[in-house]
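Here the structure is laid out as structure tokens; the discussion comes afterwards.
Here is the naming used below: chain letters follow the sequence lines, and residue numbers restart at 1 for every chain.
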There are 2 protein chains.
Amino acid sequence: MELSEGRLKFIEAWGKLGSEWGINRTMAQIHALLLISPEALTTEEIMEELTISRGNTNMNLRDLIGWGLVEKQHKSGERKEYFYADKDTWNIARQVAKERKKRELDPIIKLLNELSEVKGDDKDRNYKTFRSSVKDINKLAKNVNKTLETMLKAEESWFWGSIFKIFK
Amino acid sequence: MELSEGRLKFIEAWGKLGSEWGINRTMAQIHALLLISPEALTTEEIMEELTISRGNTNMNLRDLIGWGLVEKQHKSGERKEYFYADKDTWNIARQVAKERKKRELDPIIKLLNELSEVKGDDKDRNYKTFRSSVKDINKLAKNVNKTLETMLKAEESWFWGSIFKIFK
DNA sequence: TCAAAAGTTCAAAAATTACTGAAAGTTTAA
DNA sequence: TTAAACTTTCAGTAATTTTTGAACTTTTGA
């Protein structure tokens with residue numbers, strides 16, 4: 001396979017994966033393009049490479065920056081803004097985990113705690129099942145939360161080393 | 001909070017979480033409803049509870065069965081089909097992990113292996129960056145894969161026990 | 001201070017995804 | 001073999017999400 005074909009496939013696959021996980025396809029594609037670009041790119045270059053509009057490019061770049069996956073760069077003597085993606089896979093994974101935890105896991109845990117307080121009749125089977133399901137999901141959510149918190153602090157080598165130790 | 005309000009909030013939240021993770025909102029809501037229902041429910045009951053059409057209910061139930069999260073039950077002397085959700089959170093987590101691994105991770109690993117074979121000029125910076133990104137993502141994907149495989153085999157207690165051991 | 005170049009916004013259009021409802025299919029009991 | 005009870009399918013419609021593009025704002029150099 002040629003490089004140009006490989007690049008296209010990579011961008012396409014990253015976009016598909018993103019959309020399967022609730023991330024805008026274009027945002028994932030821009031990220032993919034930046035991941036395989038040695039230099040920071042301008043809005044123009046991204047627009048052209050992916051054949052998308054200026055507005056779309058601008059908004060998705062802003063989102064990527066919001067996710068902490070892309071940074072703006074300025075080259076001295078130039079007005080244009082350049083965009084660069086951190087290429088360290090471990091940082092990317094941590095960043096995504098961190099954002100999704102904040103946006104999704106934290107609110108769900110808050111709700112589950114409220115739902116743990118629901119009052120009802122202990123003879124009511126509906127009530128018993130509700131309580132039990134909420135309790136179990138809450139427990140799982142907290143385990144995941146704790147694991148993520150540790151992962152966010154961890155060094156890559158230490159993390160995988162430890163994982164493999166248990167999964168010997 | 002009353003049970004009826006809690007049930008509604010739980011169903012709503014589960015649906016929202018699902019849609020954030022690329023799972024059809026209705027499918028997640030049906031799953032939520034079954035999770036808090038002590039008895040298996042009929043299509044009619046689900047339709048009524050969630051105010052959705054018969055066709056929608058039928059298709060999403062089929063998908064839930066395809067994900068291994070719901071099973072059909074037959075009550076003797078009755079023609080109707082009943083639907084029941086496994087309430088063991090660990091089983092649910094494993095089942096979801098298993099399906100997403102099969103549907104998404106496995107194909108991505110296959111592609112990354114192909115992309116590792118892309119030939120090019122070692123002096124070309126685009127080529128070098130491409131190779132390096134593909135290689136790193138491939139490594140991460142394989143680590144995740146290995147961890148999931150172990151998790152799929154594991155007992156819950158053993159799994160969390162071991163996780164907490166490293167995250168002491 | 002102005003105008004060119006770049007960046008941002010957002011209403012409208014397009015694309016995608018989900019849902020409905022009625023028709024067709026299937027199963028069972030008599 | 002018929003018909004009632006139930007399930008499945010899918011074309012058309014609706015809802016949601018994404019994208020465009022043109023107007024608007026900001027920045028900078030002359």
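Positionally, the nearest nucleotide of DNA chain C for A:Lys72 lies more toward the 5' end than for the other of A:Lys72 and B:Ile52. Of the residues near DNA chain D, A:Ile23 and A:Arg54, the one whose nearest nucleotide (by heavy atom distance) lies more toward the 5' end is A:Ile23.
Between the CD atom of B:Glu78 and the P atom of D:dT7 there is a distance of 11 Å, given to the nearest Å. Regarding A:Asn24, its CG atom lies at a distance of 5 Å from the P atom of D:dT18, rounded to whole Å. Rounding to whole angstrom units, CD of residue A:Glu45 and P of C:dA6 are separated by 12 Å. Computed from coordinates, the A:Gln73 CD to C:dG7 P distance equals 14 Å when rounded to whole Å. In this structure, CZ of A:Phe83 is placed 13 Å from P of C:dA6, rounded to the nearest angstrom. If you take CD1 of A:Ile46 and P of C:dG7, they are 10 Å apart, rounded to a whole angstrom. Distance, A:Asn60 CG to D:dT19 P: 6 Å, rounded to whole Å. At whole-Å resolution of the value, NZ in A:Lys80 and P in D:dT28 are 14 Å apart.
Relative to the ring axis of B:Trp14, B:Arg25 does not place its NZ or CZ within 45° and under 6.0 Å from the centre. Geometrically, B:Lys75 engages B:Tyr82 in a cation-pi contact defined by less than 6.0 Å to the ring centre and at most 45° from the axis. A cation-pi arrangement is found for B:Arg100 relative to A:Trp21, the charged atom lying closer than 6.0 Å to the ring centre and inside a 45° cone about the ring normal.
Applying the 3.5 Å distance criterion, the base of C:dA5 shares a donor-acceptor pair with the side chain of A:Arg79.
Cluster membership check: A:Leu17 shares its hydrophobic cluster with A:Trp67, using side-chain heavy-atom separations under 4.5 Å among Ile, Leu, Val, Met, Phe, Trp and Tyr.
Among the protein residues, B:Arg25 comes within range of no part of the nucleic acid, since none of its heavy atoms lies under 4.0 Å from any strand.
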